[in-house]
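What follows is a short report on a single structure.
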Amino acid sequence: MKKEEVIEKHQKYLFSCVANYYDEPLVVDHAKGNFVYDIDGKEYLDFFGGILTVSVGHCNEKVTKAIDEQTHKLQHASTLYPNVPHVALAEKLAQVTPGRLQKSFFTNSGTEANETAVLIAQLFTKCQDVVALRHSYSGRSYLALSLTGNASWRLAPTTIPGIHHIASAYCYRCPFGLTYPSCDLKCAKDLEEAIQTQTSGQVAALIAEPIQGVGGYITPPKEYFKEIVSILKKYGGLFICDEVQTGWGRTGGKMFGIEQWGVEPDIMTLAKGMANGVPIGATIATPEVADSLKGLNISTFGGNPVTATAALATIQVIEEENLVDNARVMGDRLREGLEALQNKYPVIGDVRGMGLMQAMELVGEHKKPDTESLMRLFEATRQHGLLIGKGGLMGNVVRIAPPLNVSKDQIDKALNVLDQSLAQLGQ
Ligand code: PMP
């Protein structure tokens, strides 16, 4: 098929909500390492990794080989029969996740991972109320849409009761008009009043992303999670940590984002980068919380031998190639470069994030969200052969997340393209 034909069929045969980036959609053909190639053969340096999912490079040889071998050995058995990849992956998760997290339930997406997490929290606490954060994203099921704190992604009217949204730790636009640290973490402390005024005094859980991904990499201050989780515990709630974007070394120096804040979740959800692009979701919990889900519950494809093998191979590459450390070192280099760009271009109002999860919020005067500049920056970077992502409530945040094995030269090349493209905005 030619490019035009693909675009035409996409519009004709897919739901119109399946939106594409760019004025003229970029039809991808193949990819290798940290590069993607379009159908006309043009090369792009990938700094978004299929939405933080390609963690060890496209079509990674080791991951592909493991998938290939497993496909020829046992492709599907269902969870009715124990098999090696399924239990080996569960054991691996228990080893690498923090604290007492031990038992896993596998699904096919982040959405399902969050569904499972909320279900077990409600069953364990015998309570329905769940607190989520504004600017959050939890997925596309009814429950996940209701948990999501971003109107653009909440397409249906909210019908699930017992979900309460509190302010997020969005320091650049503090919802209370305060400044860190003199704010005394008002956003975290507000959880107490929310529980006292919006619930019957008990909650099943707080669900939060360590860094709000879709929200535009909103990164809370270092004391935030200790504060908010200690309030949550006072009211009997469990902490569900959504590591769908921040997991697997993304934030640099630590395997999971929440470890940067020194807090142990009761439940953690994982997806995206866990299997380098093979569809997978996982919910891991402490044994007593996990075992509160009694009776029959099944995910036909959950823990499938091929996806479990892909995840194990991906985690092995992350460990063997020290990619958690690489994310820290390369992330520091990227951050330094972005801050230098911020000094040069007033359109960059804020640079935030951690490790290889870095964002630039584009603004006009008085911090007015500048979505138009973002759209133009997108077109310019595409022309120069660089893929980036977007996010934020107003769609004015550039999201950058290259694969974890990105090199120094690739970081420098991306910064160079961003510099050239930002310069073009002023022309
Ligand atoms: N949680 C977070 C933090 C996410 O970013 C996403 C996806 N963007 C999800 C959950 C849902 O994952 P999926 O699209 O795999 O259902």
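When a ligand or atom number is given, it counts from 1 through the structure's own listing order.
If you look at ligand 1, the protein residues with a non-hydrogen atom under 4.0 Å away are S109, G110, T111, N114, Y137, S138, G139, E209, D242, V244, Q245, K272.
A search for side-chain contact (heavy atoms from CB on, under 4.5 Å) contacts involving S299 returns F105, T107, N108, E112, not counting sequence neighbours. Evaluation of the side chain to side chain donor-acceptor pair (under 3.5 Å) rule for S55 yields no partner, not counting sequence neighbours.
Of the N and O atoms on the side chains of Q202 and Y235, not one donor lies less than 3.5 Å from an acceptor on the other residue. Side-chain polar atoms of E361 and Y217 form no donor-acceptor pair below 3.5 angstrom. The closest side-chain donor-acceptor pair between Y44 and D38 falls under 3.5 angstrom.
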N/O donor to acceptor pairs below 3.5 angstrom from side-chain atoms of residues 386-393, sequence neighbours left out:
none

